Every structure is written in structure tokens, then in C-alpha cells.
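Scroll down for the structure; my scribbles are underneath it.
A note on names: the letters A, B, ... follow the listed sequences, proteins ahead of strands, and every chain is numbered from 1. The figures here come from the full heavy-atom set of this structure, side chains too, leaving out hydrogens, waters and symmetry mates. Predicted, not measured: the structure shown is a model, and the values here were computed from it.
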Amino acid sequence: MSKSKHKIPTTEVVTAEKSIDKPAEKEYSTLNLGPTHPATHGIFQNILKMDGEIIMEAEPTVGYIHRAFEKIAEHKPYNQITPLTDRLNYCSSPINNMGWHMTVEKLIGATIPKRAEYLRVIIMELARISDHIVCNTVIAVDTGAMTGFLYMFQWRELIYEIFESICGARLTTNIGRIGGLERDFSPVTWAKIDKFLTEFPTALKEFDNLVTRNRIFMDRTVKCGPVSAEMALSYGFTGPNLRAAGVDYDVRIANPYSSYQDFDFKIPVGTGGDVFDRYMVRHEEMWESLSIIRQAIKNLPDGAFHGEVPSFYLPPKEDVYNNMEALIYHFKIVMGEMDVPKGEVYHSVEGGNGELGFYLVSDGGRTPYRLHFRRPCFIYYQAYPEIIKGGMLSDAILTMSSMNVIAGELDA
Amino acid sequence: MDQQQLLTTIQDQLKSKVGEGFVSAEQAFDFPVFTVKKDHLIETLRFLKEDPELNFHFLTTLCTIHFPENKGQEFCVMYQLHNMMKNYRIRVKVFMATNDAHVPTATTLYPTANWMERQEYDFFGIIFTGHPNLKRILNMDEMNYFPMRKEYAVEDGSREDKDDTMFGR
């Protein structure tokens, strides 16, 4: 064997000739993410200043679906404001509806029977599960796992069927009335709830097996978009996002409403406040919600499904036709002429994504003098630029979906 | 500390801290409500936040209420504070006139006030002096009025097909 005459230069460094001069100052590119980008799951715009793949600055624009709810609410009788609350966080409308009913009930001093409160708890916890299904499966979609999303949505569909059998609507529910519920649960409703309680845990376990300890999912979500407890509190975080950062604040425990003090449940908390922790907190909350629903069914008291508040709660139709007093109340309620005391009242509920508060000022008129919604995601979304700064663009997308920012609630 | 004690304790402490800046205290359902003068707002909030016993570390929400009949004190800005550990919740109010709708920003104490104050500026035109980025947030930048003020009707006044005399006020 003869050696080759030509030596192959394996270690020689070849330097290309410069064709373009390096700019004297570093230049950044601007990326307009949104307003209607398929990866942001809603109308969100962020103008990003990018250094390659790294985000240097972000400027969010909000208000694309602002519908002036606070102004409209000043011109609507109390029972006509419930449909407005549907359209805040539309992933869990029943919680918003119940929060509003309870605010008015606090103002007028109505007492609600235990049975109605327990039924409300069942509805609210179902709504919480459906809200968390959407958020958690969307996190999975953004990490590349489409299967869980499509699979879990049939359980969300079953929850919507339950709502439909109670109130006739699926997404924007307008469920319940000031003073209680519009009707008791029918046998169909109970059968569907029973089906949900027996079949959903298996599905949730399967989703858990599919996603939670998945190597790709964990690599993608652990230490992605972390929020410390101090930062979460200073930016007004509430709900699962705050609990993922390690603060065990839950309105259901801190200021119990609708008999939540009767139930035994745990508040899951995270440590790092990253995407994975937010996912896990929601995941555990779904199990706790299932437990609350089971307890509510087991201990469901007998009694009425609404309280005695004739000036707000529509009388039965046969009374309207046969009874003068009921007819008068019916007329006054339909025309929006209820007697409301003066005062200012704040009531908050644990919504799907945080403390949803209603600050109501009444001057005794037929409509609220001022109604302010404390919308949790409007308040915590302002921390978004700071969270994503210095991270990758793909992590920013994931962080947004894990924060459960709902455009309807953000923009009111 | 129950709510009555909380009311009296904070009332006494505020009287000694801000003196003539303290206006009134009352109980509104489950909330003690304190009214202070506008110039003493930041002093009050700082005291409430930094006092080790009270420690109102969380700004739950803030909002503006417009009282056009209340001459000289047309605007009220309400701050709702929360101490999560002890579960104390209170409200602090300041009143101001339309021609003097300025209030110092609370963003130095609570970063979360940033967007809340922008929202109140957007809808009521309250100027939060010292705010880092006071511009409209939900409405379009070109809007030339503050729509949540009571003098603006909910409907466009030029429309004749919508008669509200029987419904709404």
C-alpha cells in the first residue's frame, strides 16, 4: 500500500473572507406576535424585541375584545347582568354567574338553603374541572402532544351536557338565579353527573400517564417561565398561578362562600412557579374537585333549591296566573324594578384562574351605580413581559398557555 | 382580631400617623372602609403595607367611582388591600374634584397597580402622577373622552332607533 501523495488537511482552519461588515451596534429584530396567532389561543398581541431566538423585550397590547361590560352593567337591572358575567372567563362561566348571584345576595341579605348551596358547589366544581381540562390539555398541545387535547375534550363535552340539562345552555350558561337555582337537578342531570364521576377519573389517570411524566413534556416545562412567590404576590397573582409559586391562598378556604367550609379538600401548591408546577397544581385541583363533588352528593341536604326572595326570584308560572302578589312580583322582576338597598359590597369567588371579585356600589336604583369586576387574568397578565424576558420564543408561547389568560376576561 | 377591632385599631393608628389626613372610617358589610385625604394616600398605604402587624402586602383591586352630584369630590378612587396570612381585608378611599383628578401612583408600593391605574385613567381620566407608563389600555389610543364618566350615555346619542326612556336610566 502506497501512501497518498496528497495530505488531507483535517485540522486546518479555513477563514472565509468577510463579505458583510458587522454592524457597529447590535441590531434587534421586531416580531409582531398576534393579535390572531394560532399559538396564542385568543386575541393577544405582543410586540417582541428579539435577539435571534431570545426575547429581549415584550410589549403586550390588550383590549381587542373589550365590550364595555362595566358601563353596560350600570344600565341593566341586576338579573340582566348575569349574561354579561358569562362572557368574562367563558371557560368556566357558571363560576362567574354564581359569583355575581352571591354578590347581589350579600347586598340584599338573602339567605340561601343548604341544598341550593350544595348544588351550586357541584356546578362550580364541574366548571372548574372543565376550565382546567382546557388549560392543561392546551399546555400539552403547545409541547407537541395533540392526543390528550382531543381525548379529554369529550369529558368537557359531557360537563357541557350536564350544564345544558340544568339550564339549557352550554358555554355562556346564565345558570342559577339571584336567590338560588332556576330548577332542581333532573334525573337526567344526576345520571350524567354519575356517568362523569365514574368515567372521568379513568380518563384523567390516562391523561396523567400520557403527559405528566413524559420525558419530552418535562424537559419542555420544568424551569420554563418561573415565577417566584414574591413576584407573584407583588403582581397580584391569584388562583393556580399563585399556588404554583408556593402561596396557599384559595378564596374557598380564606373566605368560604356557598358552604365550602363543609367540605374537606386540599389546596395543592407548587414550589418553582414554572409551567410544570402550574400544570401540576391544576391537575391535582381536578382530583380535589372530584372529591368535593362526591362529598356534596353524599351529604346533599333536602330542602328547597332556592331561597325566599320574592322580589328577585321569579315565582312559579301557575302562581303568576292565579295569584295577584306573584303576578306583581313577576311583572316587577321582568321589568327590572326591584327594590335594592343602598350600599357597597365586595364578593369574590375562586374562579378557574384566580380570585374573581365583584365590587358593587348601589344607590338604591334599579341598576348598579357602579360595578367593578376584579378580573384575575387582567391583573396577572401584566407580569407576562417580565416572565418571558430572556427566554426563548417557544417558551413564551408555553408560558402564556400555562397562565390560563382568557381573552374575554382580560378585556372585559 | 375581628372586624370591629380591626376597624378601631386601624382608625386609631391612622389618626396618629397621618393626623389631619384621616377623614373617616366605617364598616361596609364585611369590609372596614377608611377615607383619607389624597395628599396622604401614599403615606397611608405605605404605613398599612409596612406595619409588621397589619402588613397589607396584597393589592386586590382598585377602581374609580364617579359621583357627579358630589360637588368638589366627584371622583373616588378605592384601593382594596389584603393581608393573606391573617386574612384582613380593608378598603381605602380618596376623593377628588374633577378639575383636580390627580392622585399619586401606587406602583411604587404595589407593582400590580400598573395596569389597574392605566385602566382607571382609560375610563375615568384620573391622572396617576409618577406612573411609569400612563396611557390607555383597553380603549383605542385615538379616543378623546373618558367613557365611564357618568355624563356619557351607554348608547351613541345620535341614534334615534334606540329609545331608552322606559328602560334604563
Okay, V345(A) and chain B: the region with an atom under 4.5 Å from a heavy atom over there is both
Note to self: Does any part of the side chain of F237(A), heavy atoms only, come nearer than 4.5 Å to the side chain of T112(B), both counted from C-beta?
What the structure shows: no
Per-residue tally against chain B (heavy atom, under 4.5 Å) across T61(A), I65(A), I72(A), L107(A) peaks at L107(A)
Whatever's closer than 4.5 Å to a heavy atom in chain A on M148(B) counts as both
Honestly, the part of Y64(A) sitting under 4.5 Å from a heavy atom of chain B is neither
Residues 88-104 of chain B vs chain A, non-hydrogen distance cutoff under 4.5 Å, contacting residues -> R89(B), R91(B), K93(B)
Residues of residues 30-51 of chain B with a heavy atom under 4.5 Å from any heavy atom of chain A, in residue-number order, are D30(B), F31(B), V33(B)
Under 4.5 Å to a heavy atom of chain A? For R149(B) that would be backbone
Can K71(A) be said to sit on top of Y152(B)'s aromatic six-ring, NZ or CZ under 6.0 Å from centre and within 45° of the ring axis? no
Contact list (residues 59-67 of chain B to chain A, heavy-atom gap under 4.5 Å, by number) returns T60(B), T61(B), L62(B), C63(B), T64(B), I65(B), H66(B), F67(B)
Within residues 135-144 of chain B, contacts to chain A at heavy-atom distances under 4.5 Å involve K135(B), I137(B), L138(B), N139(B)
If one checks every heavy atom of Y359(A) against chain B at 4.5 Å, the contacting part turns out to be side chain
Q. Any side-chain heavy atom of Y346(A) sitting closer than 4.5 Å to one from F29(B)?
A. no
When the 4.5 angstrom heavy-atom criterion is applied to N114(B) and chain A, the contacting part is both
TODO: Evaluate the side-chain proximity of Q80(B) to H372(A): yes if any heavy-atom separation is below 4.5 Å, no if none is.
DONE: no
